[in-house]
Amino acid sequence: MADAPTTDISVSAINPGLTPRMLNHAAWVTHDVEKTADFYTRIMGMALASTVYDDSVPSTGDAFPYFHIFFRMQDGSTIAFFEAPGLPERPEPSHPAYDIFDHIALEARDRSEVDQWHAWLVSNGVDVIGPTDHKGLIYSIYFHDPNGLRLEITTPLDAEWNRHSERAAADLKMWCDAKKQALAENRDVPAALVDLIRETRKRYEEKR
């Protein structure tokens, strides 16, 4: 693969007002585009939106054939996949957290619809975790697609769930400061963060 381009952006630079309008697509590798298409159209109810295929990658010039497929959701955003025959299987992650935290969340109308998704997926032999109430913020279930990609069906329980910017900034600073302090004091960073979480959990839950 060609080296990724680098951009020299000063950490003190101020964004000139550029914010993405919406999610256009998120893309992953598939080793079986036919099985993937069946899952996202039949099980997930998405429309087969578009396809692209070529014998080389336009953005880098890498010379391997691929088939690129897109599946459309209600708002027009898409999930996409690349099948490139001959690719080796993805290596096992070095820690279980990678399989848990790396995922994409898809929004449902309300709690009832999340529960309907749960019943539908289970009836099709899909293993489902949940539903889970995330501290009154969102209500979710979790499962995997045929490629091992972890998916979430979720609905907000807090109408302002993605508008808590001031609180989020304070939480981010608290977390980063705790890591820096632990390093300065030669403490175990995960242990220090567990202490922080336990000290602030009650206050955090009350604020939520």
Side-chain angles (χ1 to χ4, degrees), residues 1-108 114 117 120-121 124-130 138 140-155 162 168 172 176:
M1 294 286 288
D3 292 339
T6 57
T7 304
D8 184 15
I9 300 177
S10 169
V11 294
S12 62
I14 298 175
N15 185 288
L18 294 171
T19 302
R21 293 182 59 247
M22 60 177 286
L23 175 67
N24 183 282
H25 70 276
W28 292 267
V29 167
T30 177
H31 291 279
D32 190 334
V33 72
E34 185 175 12
K35 187 180 293 185
T36 296
D38 176 71
F39 180 83
Y40 280 94
T41 57
R42 185 175 61 84
I43 304 296
M44 300 302 297
M46 298 183 190
L48 178 56
S50 192
T51 55
V52 179
Y53 54 92
D54 208 337
D55 59 1
S56 63
V57 181
S59 58
T60 65
D62 285 285
F64 46 81
Y66 70 90
F67 188 88
H68 195 17
I69 191 167
F70 299 79
F71 304 98
R72 188 179 66 250
M73 290 175 271
Q74 291 184 35
D75 73 342
S77 58
T78 62
I79 289 179
F81 292 87
F82 288 91
E83 182 182 270
L87 283 187
E89 292 294 325
R90 199 182 295 272
E92 290 294 320
S94 56
H95 191 282
Y98 289 105
D99 275 337
I100 297 170
F101 294 149
D102 289 347
H103 71 283
I104 184 165
L106 311 175
E107 188 165 316
V114 173
W117 272 104
W120 166 246
L121 291 165
N124 281 275
V126 178
D127 292 331
V128 181
I129 297 174
I138 57 174
S140 306
I141 59 172
Y142 300 90
F143 54 101
H144 290 85
D145 82 348
N147 309 293
L149 173 63
R150 194 176 199 226
L151 300 174
E152 175 183 358
I153 297 289
T154 188
T155 192
N162 60 353
L172 175 63
C176 294

Requested in this report: Could you tell me how the ring of F81 sits relative to the ring of Y40: parallel (under 30°), tilted (30 to 60°) or perpendicular (over 60°)?
Outcome: tilted

**Report entry** For the student: nearest non-hydrogen atoms of L106 and M73, plus distance
**Finding:** CD2-SD, 3.7 Å

Query raised in the report: Would you call the rings of F70 and H68 parallel, tilted or perpendicular if under 30° counts as parallel and over 60° as perpendicular?
Result: tilted

Query raised in the report: Between the main-chain N or O of E34 and the side-chain N or O of D38, is there a donor-acceptor pair closer than 3.5 Å?
Result: no

Report task. Look up atom OG1 in T41 and atom CZ in R72, then write down how far apart they are to the nearest 0.5 Å. Result -> 12.5 Å

Requested in this report: Measure across P85 and P65 and return the closest heavy-atom pair with its distance rounded to 0.1 Å.
Outcome: CD-O, 3.9 Å

Query raised in the report: Looking only at heavy atoms, what is the nearest atom pair of T155 and A108, with distance?
Result: OG1-O, 3.3 Å

Report task. Given side-chain contact (heavy atoms from CB on, under 4.5 Å), test I79 with M46 step by step and report yes or no. Result -> CA-CA 9 Å; I79 289 179; M46 298 183 190; 4.0 Å; yes

Query - Exercise: do T30 and E83 side chains pair donor with acceptor under 3.5 Å - result: no

Query raised in the report: Do L151 and Y142 touch side chain to side chain, with heavy atoms closer than 4.5 Å?
Result: no

**Report entry** H31 versus L87, closest heavy-atom pair with distance
**Finding:** CE1-O, 3.3 Å

Query raised in the report: Passes side-chain hydrogen bond (donor to acceptor under 3.5 Å, both in side chains), D54 versus S56? Steps please.
Result: CA-CA 6 Å; D54 208 337; S56 63; 4.7 Å; no

Query raised in the report: Short question: side chain of N124, backbone of V126 - any donor-acceptor pair under 3.5 Å?
Result: no

Requested in this report: Check the pair I43 / L121 against side-chain contact (heavy atoms from CB on, under 4.5 Å), numbers first and verdict last.
Outcome: CA-CA 7 Å; I43 304 296; L121 291 165; 3.7 Å; yes

Requested in this report: Over all heavy atoms of both residues, which pair between G76 and M22 is shortest? Give the atoms and the distance, please.
Outcome: C-CE, 4.2 Å

Query - Minimum heavy-atom distance between R150 and I100, given as atom pair plus value - result: NH1-O, 2.8 Å

Query raised in the report: How long is the gap from CG on L23 to OG1 on T78, to the nearest 0.5 Å?
Result: 7.0 Å

Query raised in the report: Hey, does L149 have a side-chain heavy atom less than 4.5 Å from the side chain of H103?
Result: no

Report task. Kindly say whether A80 contributes a backbone atom to a donor-acceptor pair with the side chain of W28 at under 3.5 angstrom? Result -> no

Query raised in the report: Going through the checks in order, is the side-chain contact (heavy atoms from CB on, under 4.5 Å) test met by F71 and H25?
Result: CA-CA 9 Å; F71 304 98; H25 70 276; over 6 Å; no

Query raised in the report: Under a 4.5 Å cut-off applied to non-hydrogen side-chain atoms, are F82 and V33 in contact?
Result: no

**Report entry** Stepwise side-chain contact (heavy atoms from CB on, under 4.5 Å) test for M44 and I153
**Finding:** CA-CA 10 Å; M44 300 302 297; I153 297 289; 4.0 Å; yes

Requested in this report: Could you check T36 against N147 for side-chain hydrogen bond (donor to acceptor under 3.5 Å, both in side chains), going step by step and ending with a plain yes or no?
Outcome: CA-CA 7 Å; T36 296; N147 309 293; 3.2 Å; yes

